[in-house]
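Here's the structure we're looking at; comments come further down.
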Amino acid sequence: MVVPAFNEAERLPRALERIASYLTGHAGGYELLVVDDGSTDATAERAAAAGATVVRNEINRGKGFAVRRGMRAARGGRRLMTDADLSTPIEELGRLAARMDEGYDSRAVPGARIEVRQPFYRENMGRLFNLFVRALALPGLRDTQCGFKLFTAAAADEVFSAARLDGFSFDVEALFLARKRGYRIAEVPVVWRNDAASRVSLLRGFLAFPDLLRIRANDWAGRYGL
């Protein structure tokens, strides 16, 4: 379990307790890894006190950098990235694992039951962003931004070794790279609850649009050795 965290000292302990409670007793054991992305509060200390392995970035580098570092540091045969707010409850992991058993690398689509919706302006921004994602990078995928994705170790190592984006669009890049390398991607409906404390702002969302062009440019440069 890879949990990126920035100044999450207040809600992170409860999330880690819930994750550990759910996973305790599961066959094969588990590893709980928190990537503290340059927090200025007690995020790292509280994560360690809750029993997590903590990897610390000296400065804030962005969620993409934190997830990339966590996925490459993790040792599990299956690696889940999940947000500290548990907007997708950890109990939904079973649905992703079941699809992975069928031969897929999985990620979650917040569509089965949305219990708390986002403000309308964020929903509309997300819809617009997804239109661009499907046109420029990932045709056929309904949603790329849900922070609840499960990778096999092989996929995580290959994808996150090649990924470069640190910001909001890192999910798109990871899925783009996975598809380019021949991994099967399954979208799985789950329960999803918007957290009012989410740090995704309109400005951050709009800044993600140029990243879609960077993903294609990086792919083109890599293809031709530039």
Side-chain angles (χ1 to χ4, degrees), residues 1-24 26 29-93 96 107-108 144-151 153 155-175 177 192-201 203-205 207-208 211:
M1 310 306 249
V2 174
V3 184
F6 175 66
N7 288 345
E8 295 284 4
E10 292 304 317
R11 61 182 174 179
L12 184 60
R14 293 190 298 274
L16 296 179
E17 180 181 3
R18 183 172 172 181
I19 292 171
S21 176
Y22 173 75
L23 292 175
T24 297
H26 277 59
Y30 68 92
E31 174 189 27
L32 187 52
L33 193 154
V34 171
V35 183
D36 175 16
D37 191 25
S39 297
T40 56
D41 64 4
T43 291
E45 292 78 8
R46 293 193 179 181
T53 299
V54 180
V55 176
R56 301 189 70 171
N57 298 333
E58 293 302 319
I59 60 173
N60 181 249
R61 298 290 301 269
K63 184 179 177 182
F65 184 92
V67 169
R68 185 163 69 245
R69 189 174 183 194
M71 282 290 187
R72 298 186 68 187
R75 296 168 294 175
R78 293 182 174 184
R79 302 173 191 177
L80 178 79
M81 53 168 280
T82 184
D83 292 334
D85 61 9
L86 293 183
S87 289
T88 300
I90 189 61
E91 292 79 9
E92 298 294 284
L93 174 58
L96 272 65
R107 49 101 44 210
T144 58
Q145 301 311 111
C146 180
F148 197 75
K149 297 183 177 70
L150 182 66
F151 294 79
D157 289 338
E158 189 171 1
V159 166
F160 289 101
S161 293
R164 296 291 178 268
L165 297 183
D166 294 342
F168 181 79
S169 300
F170 83 93
D171 302 81
V172 179
E173 183 186 36
L175 293 171
L177 291 170
W192 188 79
R193 308 179 186 109
N194 179 61
D195 190 323
S198 171
R199 298 190 177 104
V200 178
S201 64
L203 175 61
R204 187 176 299 179
L207 290 176
D211 282 343

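Counting heavy atoms from C-beta outward, V172 and D211 have side chains that stay 4.5 Å or more apart. Residues V35 and V67 are not in side-chain contact: their nearest non-hydrogen atoms beyond the backbone lie 4.5 Å or more apart. Side-chain atoms of L80 and F148, non-hydrogen and from C-beta on, do get closer than 4.5 Å to each other. In this structure, the side chains of V54 and T43 stay at 4.5 Å or more apart for every pair of heavy atoms. Under the 4.5 Å side-chain criterion, counting only non-hydrogen atoms from C-beta, L175 is in contact with K149. L93 has its side chain within reach of L23: a pair of non-hydrogen atoms, C-beta onward, lies under 4.5 Å apart. Residues R46 and E10 meet the side-chain proximity criterion, which asks for heavy atoms closer than 4.5 Å. Annotation: side chain of R78 is not in contact with side chain of L96 (no heavy-atom distance under 4.5 Å).
Here E31 does not pair with R79 in a salt bridge; the nearest charged N to carboxylate O distance is not below 4.0 Å. Contact check on R18 versus E91 returns a salt bridge, with a Lys/Arg side-chain nitrogen under 4.0 Å from an Asp/Glu carboxylate oxygen. A salt bridge does not link K63 to D171: none of the charged side-chain nitrogens sits closer than 4.0 Å to a carboxylate oxygen. Note on D37 versus R61: no salt bridge recorded, every NZ/NE/NH1/NH2 to OD/OE distance being 4.0 Å or above. Ion pair E17/R14 not flagged as a salt bridge, since none of the NZ, NE, NH1 or NH2 atoms sits closer than 4.0 Å to an Asp/Glu carboxylate oxygen.
Scanning both residues, A50 and L16, for their nearest heavy atoms gives CB-CD1, 3.8 Å. Closest approach of C146 to T88, counting heavy atoms only: SG-OG1, 3.5 Å. Taking each heavy atom of V34 and A5 in turn, the nearest pair found is CG1-CB, 4.1 Å. Listed here is the closest heavy atom pair of A153 and G76: CB-O, 3.4 Å. Contact between F170 and G64 at its shortest, heavy atoms only, is CG-CA, 3.4 Å. When all heavy atoms are compared, the tightest approach of A162 to L177 is C-CD1, 3.9 Å.
The line from CD of Q145 to CZ of F168 is 4.5 Å long, rounded to the nearest 0.5 Å. With values rounded to the nearest 0.5 angstrom, E92 atom CD is found 11.5 Å from L86 atom CG.
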Practice prompt. Apply side-chain contact (heavy atoms from CB on, under 4.5 Å) to M1 and I90, showing your working.
Written response: CA-CA 10 Å; M1 310 306 249; I90 189 61; 3.2 Å; yes
Item to complete: Would you please test N7 and N60 for side-chain contact (heavy atoms from CB on, under 4.5 Å) and show each step?
Response: CA-CA 10 Å; N7 288 345; N60 181 249; over 6 Å; no
Item to complete: Applying side-chain contact (heavy atoms from CB on, under 4.5 Å), run through R72 and S161 and close with a yes or a no.
Response: CA-CA 7 Å; R72 298 186 68 187; S161 293; 3.5 Å; yes
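Here the side chain of E173 pairs a donor or acceptor atom with the backbone of L165 at under 3.5 angstrom. The main-chain N or O of V159 is never found under 3.5 Å from a side-chain atom of R68 such that the two would form a donor-acceptor pair. Looking only at distances, a side-chain donor or acceptor of D85 sits under 3.5 Å from a matching main-chain atom of S87.
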